[in-house]
Amino acid sequence: MTSDTLVLLSSRELEKMRNAGRLAAELLNHLEPMVKPGVSTLELNDEAERWTLAHGAKSAPLGYKGFPKSICTSVNEVVCHGIPNSKQILKEGDIINIDVTPIVEGFHGDTSKTFFVGTPAPKTKKLVEVTEECLRRGIAEVKPGARIGDIGAAIQEYAEAEGFSVVQNFAGHGIHRIFHTVPEILHYGKRGTGKRLRQGMVFTIEPMINEGTWEVEILDDGWTAVTQDGKLTAQFEHTVAVTASGVEILTLP
Ligand code: MF3
Ligand code: CO
Ligand code: CO
């Protein structure tokens with residue numbers, strides 16, 4: 001199967017996606033208490049890898065297209081794909097997105113959250129809360145017959161009304177036995193455009209919302225995406241399934 005084939009999952013396959021999604025959510029919950037000033041992003045990575053293996057799963061990011069670690073840790077102005085590093089120590093007032101994708105019995109569960117390190121500044125808190133609400137509003141659009149553009153429109157309308165911008169260089173993606181596949185889920189766009197959602201489709205919604213410009217740059221490591229203006233950025237991600245009547249979030253504990 002090539003990665004551009006649209007797959008509608010059977011109920012048996014959905015059950016496996018639920019198992020992977022649950023483990024992904026539980027991994028984030030497991031890591032959350034470690035998010036404190038003084039911890040390095042490599043320590044978070046190493047605990048994630050240990051916990052994932054201990055639960056009989058594998059870390060999808062490790063070795064994926066050459067990615068060197070098991071999770072992505074994206075701090076402050078890092079939009080996504082931050083690489084865990086022993087020299088990167090979290091400090092009071094930082095924000096960090098932790099993005100995990102365990103593989104359970106061949107199926108991927110992909111979820112991320114942005115956490116506060118200590119107590120955030122008010123504008124930091126607002127960015128993170130608006131980003132989580134963007135994900136909630138995007139998910140709320142999902143039902144059979146809705147259009148993919150409805151998801152992006154809901155996210156963009158809310159983010160921009162709150163004075164923030166939507167990253168356009170990265171998108172949500174179909175996910176099942178394959179980590180990144182069709183459909184592509186843009187986090188901006190127009191209502192009533194794009195393909196229709198159908199029962200059995202499974203994909204991620206993972207808006208990246210910036211304080212300043214939406215534009216990003218990739219660092220020389222080939223992975224780390226940062227905001228072009230160095231301002232803050234936040235992200236939340238769930239893996240969801242289109243059900244007969246609406247949507248099921250698969251990445252819940
Ligand atoms: N989990 C990320 C996503 O949401 C992808 C990470 S790819 C990696 O799609 F190679 F950086 F791990
Ligand atoms: Co994803
Ligand atoms: Co992810």
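Given the structure is predicted, the values throughout are model-derived calculations rather than measurements. Both backbone and side-chain heavy atoms feed into the values below; hydrogens, waters and symmetry mates do not. For ligands, and for the atoms within them, numbers begin at 1 and follow the listed sequence.
Under a 4.0 Å N-O distance rule, the pair E157/R137 does not qualify as a salt bridge.
Residue W223 approaches ligand 1 through these ligand atoms, each under 4.0 Å from one of its heavy atoms: 8 (C), 10 (F), 11 (F). For ligand 1, the atoms closer than 4.0 angstrom to any heavy atom of F179 are 1 (N), 5 (C). Using a 4.0 Å cut-off to heavy atoms of T101, the atoms of ligand 1 that qualify are 1 (N). Near E206, the atoms of ligand 1 lying under 4.0 angstrom from a non-hydrogen atom of the residue are 3 (C), 4 (O), 9 (O). Heavy-atom proximity to H173, at under 4.0 Å, picks out these atoms of ligand 1: 3 (C), 4 (O), 9 (O). For ligand 1, the atoms closer than 4.0 angstrom to any heavy atom of C72 are 6 (C), 11 (F), 12 (F).
Taking the six-membered ring for Trp and the full ring otherwise, H81 and F67 have centroids separated by 6.0 Å or more.
H180 NE2, 2.7 Å is the protein heavy atom nearest to atom 9 (O) of ligand 1. With hydrogens left out, the protein atom closest to atom 7 (S) of ligand 1 is Y64 CD2, 3.9 Å, a heavy atom. Of all protein heavy atoms, the one closest to atom 3 (C) of ligand 1 is D110 OD2, 3.4 Å. In terms of protein heavy-atom proximity, atom 12 (F) of ligand 1 is closest to P61 CB, 3.0 Å. In this structure, atom 2 (C) of ligand 1 lies nearest to the protein heavy atom D99 OD2, 3.4 Å.
Within the protein, the number of N, O or S atoms lying under 2.8 Å from the Co ion (ligand 2) is 4.
A donor-acceptor contact under 3.5 angstrom links the side chains of Q88 and T41, judged on distance only.
Contact between K65 and ligand 1 is absent, with no heavy atom of the residue lying under 4.0 Å from the ligand.
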